[in-house]
Amino acid sequence: MLNDDDVVTRVREIMVEALDLRLNPADIDPGISLYSPVIQLDSLNLLQLLLAVEAEFGGHIEDEDVMEADLETVGDVIDLVRRHVGALRTETAA
């Protein structure tokens, strides 16, 4: 079972991989805007990121949950995954 630090670390790693960021995952601050020049998230990148998260943790995050999360920062993405990681693991086990 993943602990909170594992989730944070893995989400940062997934962001670097899925968004092809030239950053060390440990250098991604949770407070940084997803739309900053560093991350440059757009709708296609968001989809790629969410698909990578779902593939890593198993399961599916509903579109409604993504919309309700109002993703503005890296921390918002981490929080979204934190809220769903247990459910994602449970879905895959069922």
Side-chain angles (χ1 to χ4, degrees):
M1 188 75 178
L2 293 173
N3 67 35
D4 191 58
D5 289 339
D6 294 335
V7 171
V8 171
T9 299
R10 191 61 194 127
V11 168
R12 287 175 173 169
E13 291 169 350
I14 291 169
M15 288 185 75
V16 168
E17 294 165 14
L19 303 178
D20 196 28
L21 300 176
R22 302 209 189 297
L23 297 171
N24 181 332
D27 293 338
I28 299 176
D29 185 271
I32 194 166
S33 170
L34 294 170
Y35 309 100
S36 70
V38 175
I39 306 292
Q40 299 181 353
L41 192 76
D42 61 23
S43 57
L44 181 58
N45 293 123
L46 177 60
L47 179 59
Q48 290 173 321
L49 177 59
L50 293 173
L51 290 172
V53 164
E54 291 173 345
E56 172 68 20
F57 296 106
H60 176 70
I61 299 174
E62 295 296 328
D63 293 344
E64 297 157 355
D65 295 330
V66 174
M67 296 303 289
E68 287 175 11
D70 194 27
L71 303 174
E72 293 290 328
T73 67
V74 171
D76 294 336
V77 173
I78 292 169
D79 289 341
L80 176 68
V81 174
R82 279 182 184 140
R83 285 193 305 272
H84 289 88
V85 74
L88 293 174
R89 289 284 184 193
T90 304
E91 268 181 35
T92 332

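Below, all heavy atoms of this structure are taken into account, side chains as well, without hydrogens, waters or symmetry copies.
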(request) Is it possible for you to say whether Leu23 and Leu49 belong to one hydrophobic cluster, with membership spreading through side-chain heavy-atom contacts below 4.5 Å? (result) yes
(message) Within the 4.5 Å heavy-atom criterion, are His84 and Asp65 side-chain neighbours or not?
(response) yes
(message) Testing the basics here: between Val8 and Arg82, what is the closest heavy-atom pair and its distance to 0.1 Å?
(response) CG2-NH2, 3.3 Å
(message) Could you see if Tyr35 belongs to whatever hydrophobic cluster contains Leu50? Use Ile, Leu, Val, Met, Phe, Trp, Tyr and a side-chain cutoff under 4.5 Å.
(response) yes
(message) Please report the interatomic distance CG(Leu44) to CG(Leu19), rounded to the nearest 0.5 Å.
(response) 10.0 Å
(request) Decide yes or no for Asp76 and Asp70: does some side-chain heavy atom of the first lie under 4.5 Å from some side-chain heavy atom of the second? (result) no
(request) Flag the pair Met15 / Leu34 as yes when at least one side-chain heavy-atom distance between them is below 4.5 Å, and no otherwise. (result) yes
(request) Could you tell me the separation between the OG1 atom of Thr73 and the CD1 atom of Ile28, rounded to the nearest 0.5 Å? (result) 12.0 Å
(message) Any carboxylate oxygen within less than 4.0 angstrom of a Lys/Arg side-chain nitrogen, looking at Arg10 and Glu17?
(response) yes
(request) Check Pro25 against Val16 and note the closest heavy-atom contact, atom names and distance. (result) CG-CG2, 3.8 Å
(request) Identify the two heavy atoms, one from Leu80 and one from Ala69, that lie closest to each other, and give their separation to 0.1 Å. (result) CD1-CB, 4.0 Å
(message) Give me the atom names and distance for the closest heavy-atom approach of Val74 to Asp29.
(response) CB-O, 3.7 Å
(message) Would you compute the distance between atom OG of Ser33 and atom CD of Gln40 and round it to the nearest 0.5 angstrom?
(response) 11.0 Å
(message) Please determine whether the number of non-hydrogen atoms from other residues, nucleotides or ligands lying under 6.0 Å from atom CG of Asn24 exceeds 12.
(response) yes
(request) Flag the pair Gln48 / Asn45 as yes when at least one side-chain heavy-atom distance between them is below 4.5 Å, and no otherwise. (result) yes
(message) Test your reading of the model: is there a side-chain donor-acceptor pair from Ser36 to the backbone of Ile32, 3.5 Å cut-off?
(response) no
(message) Let me confirm one number: the NE2-CG distance from His60 to Leu51, rounded to the nearest 0.5 Å.
(response) 9.0 Å
